[in-house]
Amino acid sequence: MTHTSLTPTHEPTLAAAAWIEKLSTALSSNTPTEAAQLFEEEGHWRDLVAFTWNIKTLSGRAAIRDMIVATQATAAPSNWRLEEDATEANGVVEAWISFETKVAKGRGYLRLRNGLAWTFLTTMVELKDYPEKRNKLRPKGAEHGASKSRQTWLEKRQHEEATLGYSEQPYCLIIGGGQGGIGLGARLRQLDVPTIIIDALPKPGDTWRNRYKSLSLHDPIWYDHMPYIPFPENWPVFTPKDKIGDWLEMYTKVMELNYWGSTRCTQAKFDEERQEWTVEVDRDGEKLTLHPKQLVLATGMSGIPNIPNIPGMDSFEGEQHHSSQHPGGEAYKGKKCIVLGANNSAHDICCALWENDADVTMIQRSSTHIIKSDSLMELVLGGLYSEEAVENGMTTYKADLTFASIPFEIMPQFHIPAYEAVAEKDAEFYQRLTDAGFMLDFGEDGSGLFMKYLRRGSGYYIDVGASDLVANGDIKLKSGVSIERINPKSVVLTDGTELDADLIVYATGFGSMNGWAAKIISQEVADKVGKCWGMGSNTAKDPGPWEGELRNMWKPTHQEALWFHGGNLHQSRHYSQYLSLQIKARMEGIDTPVYGMEPVYHLN
């Protein structure tokens, strides 16, 4: 970690340095809880593993005080310092800091108002005794000298591939070989954690290649880098699905990951006595039993597809499938197509069907948040994730930490002004959609896309072209209704309208990730860990009580040695760092007392 020279007379730097000195003094004194007085009465301390061995936000002095009491002795923080000059805007001083705990190095981000902490982020960067082997610690590759027992790099890799999962057991098994599982596997590889990634599809990237033809990332490239290897500077802003598939296949090979394609987990059970999992897998017809100490479900942020049970489905003479199984629009020229849903996948599929000369109708059951892609990049993501941000010295790592430094409880107040600007800038666009009958929202509190994503993982579309087709009537729209009944050649809507149909696509989303735990492990374990995702905002599909962090994601669960990993590319990249450190610490026998695990309120 580098430390730049500080300007001794710079007032924001002086203010931040004074606060850090007070924090350091308090935490190393006989009365460490006095550190809580350095926060605003309703201030926030967000900790990513460094103090709590958890992903936890403490809001209010009382909660911060309780956390300090519980973690001070084991964390033993020290060596607090400013990394660079602080900045100030609108009365808020912001500063990058570094620190150490008993076992780790850390980095943080501080926001001060009137000398007190409004927000404080602490993150674990690396375990002191187990740093990643990179930069000055990188392996030599070639072994100089003479040896009759020398193995080449290729021979070592071949030996590992032949033995891991057979004569040698992985410490960690990752179920799910999409970008999340691959990125986490890369992190664990750098930490020397023996890991196998399994996926039912043959090759890395097939999860993308097998989706509908027109699919591409709706997030811009600067938001989507994988750990360690950023996309090249000539990479397209929005990555087509087959291109990201090829990148993931290349990445898996270059990062030397043990990836088993065409492999399904048929059963997993945790042995309390042996403190390990027994996992039955079918590897391309070969039945194997693995005994990892840690099991990660990296099946994306979504669970098993939600397919509604509609009267008459069995009588339908046409084709019907969930959006996750949609092959593309080519086969449906001239066909009457019904798409149930109005979020990202629904819009993409409707657009592709229209491009292939299908007669397509979108059924919108409830309101959707729409944001134009250009507006999202300009007014929401641009300060952190854009070419301009890179030119201004913003790195992906700094962008991720800056984003993470805003506790979810106050995140809406950061986002609402941005989406108010979006609504003003694109007022004509939104009016055209409304005039077409489309039901719009900006979230229940006007906080827009990312809060809706965090709360429920659905209910939005980043417009890359389909909204104009809806507004123009090229994609037909029936809003405020659903499908009441399916006939052999038609659907009947809840308003009594009957529509002819050759194809029905259920763009109806997915269940919680713990649905995979129920399928692979047991319903008992799925209920034990509870619902994944959401944070208790008491908004639609995110019931309270307030938890402050995403349920079960990237942190310990109520089932020992079971972890959930997923999210978009940005989240998978960033939070895989903390999950990998938690797993490595357990492998090395480091004491990891977890503070602040929430009770389970919701099963699914």
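Quantities reported herein were computed from a predicted structural model and do not represent experimental measurements. Just so it is clear, the values below take in all heavy atoms, side chains as well, and ignore hydrogens, waters and symmetry mates.
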Apply side-chain contact (heavy atoms from CB on, under 4.5 Å) to residues M451 and M535 and explain how you reach the verdict.
CA-CA 10 Å; M451 292 310 301; M535 51 199 164; 3.5 Å; yes
Between CD on residue Q169 and NE2 on residue H291, distance to nearest 0.5 Å:
6.0 Å
Search all heavy atoms of E249 against all heavy atoms of P204 and return the closest pair with its distance.
CB-O, 3.5 Å
Could you tell me which residues satisfy ring pair (Phe, Tyr, Trp, His ring centres under 6.0 Å) with F450, sequence neighbours excluded, listed by chain and number?
F403, Y453
Any non-hydrogen side-chain atom of L290 less than 4.5 Å from a side-chain atom of W260?
yes
Does any non-hydrogen side-chain atom of L137 lie less than 4.5 Å from one of E132?
no
Which pairs pass ring pair (Phe, Tyr, Trp, His ring centres under 6.0 Å) with one or both residues in residues 11-35, sequence neighbours excluded?
W19-F39, W19-F120
Does the side chain of E409 reach to within under 4.5 Å of the side chain of T57, using non-hydrogen atoms?
no
D219 and I462: CA distance, side-chain angles, deciding distance, side-chain contact (heavy atoms from CB on, under 4.5 Å) verdict:
CA-CA 8 Å; D219 301 319; I462 301 172; 3.9 Å; yes
Is the CD atom of E391 crowded by more than 12 outside heavy atoms at less than 6.0 Å?
yes
Atom OH in Y385, atom CE in M394: separation rounded to 0.5 Å?
8.5 Å
Heavy atoms from other residues, nucleotides or ligands near NZ of K398 exceed 12 (cutoff 6.0 Å):
yes
Side chains of I229 and M255, heavy atoms from C-beta outward: is any pair under 4.5 Å?
yes
Between G176 and I197 the two heavy atoms that sit nearest each other are O-CG2, 3.6 Å
Could you grab the distance from atom OG1 of T119 to atom CZ of F414, nearest 0.5 Å is fine?
6.5 Å
Is a donor from one side chain sitting under 3.5 angstrom from an acceptor on the other, for S98 and E83?
no
Looking only at non-hydrogen atoms, find the nearest pair between Q294 and A561 and report the distance.
OE1-CA, 3.3 Å
Could you label the plane-to-plane angle of the H565 and W554 rings as parallel, tilted or perpendicular, counting under 30° as parallel and over 60° as perpendicular?
perpendicular
Are the side chain of S216 and the backbone N or O of F238 linked by a donor-acceptor pair below 3.5 Å?
no
Can you see whether S572 engages Q179 through a side-chain donor-acceptor pair at a distance of less than 3.5 angstrom?
no
Would you indicate whether the side-chain heavy atoms of P236 and I221 approach each other to under 4.5 Å?
no
For K531, does its backbone N or O pair with a side-chain atom of N552 as donor and acceptor, under 3.5 Å?
yes
Mark yes when over 12 heavy atoms from residues, nucleotides or ligands other than R274 sit less than 6.0 Å from its CZ; otherwise mark no.
no
For I521, is there any backbone N or O sitting under 3.5 Å from a side-chain donor or acceptor partner on Q267?
yes
Quick check for you: to the nearest 0.5 Å, what is the distance between T122 atom OG1 and Y109 atom OH?
15.0 Å
Show your reasoning for whether side-chain contact (heavy atoms from CB on, under 4.5 Å) applies to H574 and T396.
CA-CA 9 Å; H574 184 221; T396 303; over 6 Å; no
Interatomic distance, K293 atom NZ to I583 atom CD1 [nearest 0.5 angstrom]:
14.5 Å
Does the side chain of I198 come within less than 4.5 Å of V281's, by heavy atoms?
yes
Residues forming a side-chain hydrogen bond (donor to acceptor under 3.5 Å, both in side chains) with R65, sequence neighbours excluded
Q37
Could you check whether R573 makes a cation-pi contact with Y397, meaning its NZ or CZ is under 6.0 Å from the centre of the six-membered ring and within 45° of the ring axis?
no
When you measure from the side chain of H558 to the backbone of E598, do you find a donor-acceptor pair of N or O atoms at a distance under 3.5 Å?
yes
Are P220 and V237 side-chain neighbours, meaning at least one heavy-atom pair lies under 4.5 Å?
yes
N/O donor-acceptor pair under 3.5 Å between T195 side chain and G185 backbone:
no
d(T74 OG1, D591 CG) to nearest 0.5 Å is 7.0 Å
Which heavy-atom pair separates L454 from L550 by the least distance, and what is that distance?
O-CD2, 3.4 Å
So which atom in V594 and which in P556 form the shortest heavy-atom distance, rounded to 0.1 Å?
CG2-CG, 3.7 Å
Any side-chain donor paired with an acceptor under 3.5 Å for S512 and W533?
no
Say whether Y578 and N54, considering side chains only, have a donor N or O and an acceptor N or O under 3.5 Å apart.
no
Do Q577 and R187 come close enough that some side-chain heavy atom pair is under 4.5 Å?
yes
Salt bridge check, K156 against E160: does any charged N sit closer than 4.0 Å to a carboxylate O?
no
Give the C-alpha distance, both sets of side-chain angles, the deciding distance and a yes or no for side-chain contact (heavy atoms from CB on, under 4.5 Å) between K555 and K56.
CA-CA 9 Å; K555 59 186 178 181; K56 187 74 177 174; over 6 Å; no
Between R209 and D206 (salt bridge meaning N to carboxylate O under 4.0 Å), is one present in this structure?
yes
With a 3.5 Å cut-off and no angle check, do the side chains of Q582 and W53 form a donor-acceptor pair?
no
Checking C172, S576, S580 against V296 for side chain to side chain contact (heavy atoms under 4.5 Å, CB included), the one that qualifies is C172
For the backbone of E21 and the side chain of S24, can you confirm whether one donor and one acceptor N or O come within less than 3.5 Å of each other?
no
Does the side chain of T13 come under 3.5 Å of the side chain of D85 through a donor N or O and an acceptor N or O?
yes
Check whether T71 reaches the backbone of T52 with its side chain - one donor and one acceptor, N or O, closer than 3.5 Å.
no
Over 12 foreign heavy atoms within 6.0 Å of NZ, K253
no
State whether a side-chain donor-acceptor pair under 3.5 Å links Y223 with N568.
yes
Between E588 and A585, is there a donor-acceptor pair closer than 3.5 Å when you use the side chain of the first and the backbone of the second?
no
Assess whether atom CZ of R283 is packed by more than 12 heavy atoms of other residues, nucleotides or ligands within 6.0 Å.
yes
Nearest atoms (heavy-atom pairs only) where F231 meets M226
CE1-N, 4.4 Å
For S59, is there any backbone N or O sitting under 3.5 Å from a side-chain donor or acceptor partner on H44?
no
Counting N and O atoms only, with roles assigned by atom type, does the side chain of H10 sit under 3.5 Å from a partner on the main chain of A86, one being a donor and the other an acceptor?
yes
